[in-house]
Amino acid sequence: MTIRTRVAPSPTGDPHLGTAYIALFNYCFAKQQGGEFVVRIEDTDQVRSTKESEQAIMDSLRWLGLDWDHGPDVGGEFGPYRQSERTALYQKYAQQLVETGKAFYCFATSEELDAMREAQMAEGLTPKYDGRGLLLSEDEIKANLDAGKPYVIRMKIPAEGTFKFNDYLRGEIEIPWENVDMQVLLKADGFPTYFLANVVDDHHMQISHIFRGEEWINSAPKLLKLYEDLGWTAPELGHLPLLRNPDKSKLSKRKNPTSINYYKEMGYLPEALLNYLGRMGWSMPDGREKFSLQDMIENFDMKRVSLGGPIFDIDKLNWLNGLWIRENLSNEELMARFINWKFNAELFNRVLPEAKTRINTLADLVDLAGHFVAGIPQYDAALLTAGKADEDVVRQSLQFFIWELEALRTWNKTEIFAIAKAVATFHELKIKDFLEPIFVAITGKTSSTSVVDAMEILGSDLSRARLRVALNHIGVSKKQAKSLEKAYRDYPKA
């Protein structure tokens, strides 16, 4: 049997550190045993999935040094490798599950299901599907189908008992069926959910082992039951520990930048970042902290993964990155890295038109446009609230701006300015007054080149990171955070 693992990211946002972490461990497990690694794109969320996000994910994995044997760009015998191109296959198996009595039609509307959940919560119950679709007679089902009534297909779940499975990393795990919902397998738009698509794809792509994050443990019964319902042998399943912030909370962009592109733009070496991710819950047998991808492959043993949540410590990453720079790069190689990183014609061609009309000497460029090649600017935090808007308005408008930018899928100055204008209008601010703290956050100064143009050139990851740092400088208490979330619900969404 060929050892074959996979990573299956959803192209709905920035390339996440967690994706790289899961990909690395799956990659090393397969390669250590002479196996193959697959990249599959889970783009069944047609509203949020974008080609730009898909490309960014693949570019970031390649930047780190992770290549794949099968995938949407390299092809392979199990293609296509985008789930949106495999819809007919999922529909076929969803219907098969209905015909064999393993799944059923549900015609309940979203309003009916919302009312069901509200009633359950009012009774102090955990909201879950109540099985109403199972009460329909064959004649009622036929009449609904003949009338063209929208439906989803849900899987049947036992009403009592427990499900046991052997986790590759954790041993036997037992989960009561009462804690498992009747999962939607096929949505009303004809697209599958994660559970059906992954089971079908992993079977057809001959995936031998699945290693995923521990947040998915409770869904294992549904996943493994689907293999049983379809008459297939399930791959071995293991759950890796989650990456965590220093306070032990789940790694999140509010406390640590989570986009791979952020670390690329900040000047981290891909070798060092991959090395650091390799230390997340695993270590070399000889205890050394600095090692290459090839070193990790040669010494890898998934059974040696520690199940305690590994802490993502930016100071430790900085130290390790410094080691790689000093010990692995000659002066010539380091110069090449600098040029490739920021000091290249492509970036200068974008920056110079912004700076040219504002400089009198070449030296002026350093002060005027230094923020284009800096990490996080250093500035007096008081500048953020020194404008005409009071601190509470600056705090809320900045938070709204960040949230709106996080949902932005096309990063260009037209879209950025439109969001800025809308947030300013909502807070009854002139655009100039709204942009004052944004200027400081992005450039570290109260005036410079156009801040919106700067955000476009800097890119989404670095721009949003700088804005989050500014919000932290202003400060957001737990009480204020709840107030901001409540106020944001009233903000008119596009």
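Scope of the values below: all heavy atoms of this structure, side chains included, with no hydrogens, waters or symmetry mates.
A donor atom on one side chain and an acceptor atom on the other are found under 3.5 Å apart for His70 and Tyr81. Judged purely by distance below 3.5 Å, without hydrogens or angles, the side chains of Ser259 and Asp461 pair a donor atom with an acceptor atom. Side-chain contact annotation: Trp63 with Asn261, donor-acceptor N/O pair under 3.5 Å absent. There is a side-chain donor-acceptor pair under 3.5 Å between Asp247 and Ser249.
Atoms CZ and CD, from Phe191 and Gln91 in turn, are 8.5 Å apart once rounded to the nearest 0.5 Å. From Ile157, atom CD1 reaches atom CG of Leu134 across 10.5 Å, with rounding to the nearest 0.5 Å. The NZ atom of Lys187 lies 11.5 Å from the OH atom of Tyr90; values are rounded to the nearest 0.5 Å.
Side-chain contact between Val184 and Arg154 is present, with at least one heavy-atom pair separated by less than 4.5 Å. Annotation: side chain of Lys31 is in contact with side chain of Asp69 (closest heavy-atom distance under 4.5 Å). Ser463 places none of its side-chain heavy atoms less than 4.5 Å from the side chain of Leu405.
Classified by interplanar angle (parallel below 30°, tilted 30° to 60°, perpendicular above 60°), the ring pair Phe37/Tyr27 is perpendicular. Taking the six-membered ring where tryptophan is involved, the planes of Phe211 and Phe29 are perpendicular, since the angle between them exceeds 60° and thus also 30°.
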### Query
Can you check side-chain contact (heavy atoms from CB on, under 4.5 Å) on Tyr488 and Glu485, steps first, answer last?
CA-CA 5 Å; Tyr488 188 60; Glu485 290 171 0; 5.7 Å; no
### salt bridge (charged side-chain N to carboxylate O under 4.0 Å, His left out) evaluation trace for Asp73 with Arg62
CA-CA 12 Å; Asp73 55 341; Arg62 280 236 164 82; 2.7 Å; yes
#### Entry: Chi angles and distances behind the salt bridge (charged side-chain N to carboxylate O under 4.0 Å, His left out) call for Arg244, Glu214
CA-CA 12 Å; Arg244 300 196 178 276; Glu214 65 182 329; 3.6 Å; yes
### Pair Lys142-Asp139, salt bridge (charged side-chain N to carboxylate O under 4.0 Å, His left out): steps then yes or no
CA-CA 5 Å; Lys142 185 177 185 304; Asp139 288 341; over 6 Å; no
#### Entry: Asp201 and Arg6: CA distance, side-chain angles, deciding distance, salt bridge (charged side-chain N to carboxylate O under 4.0 Å, His left out) verdict
CA-CA 10 Å; Asp201 288 345; Arg6 51 78 168 169; over 6 Å; no
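No close placement of the Tyr93 and His203 rings is indicated, their centers lying 6.0 Å or farther apart.
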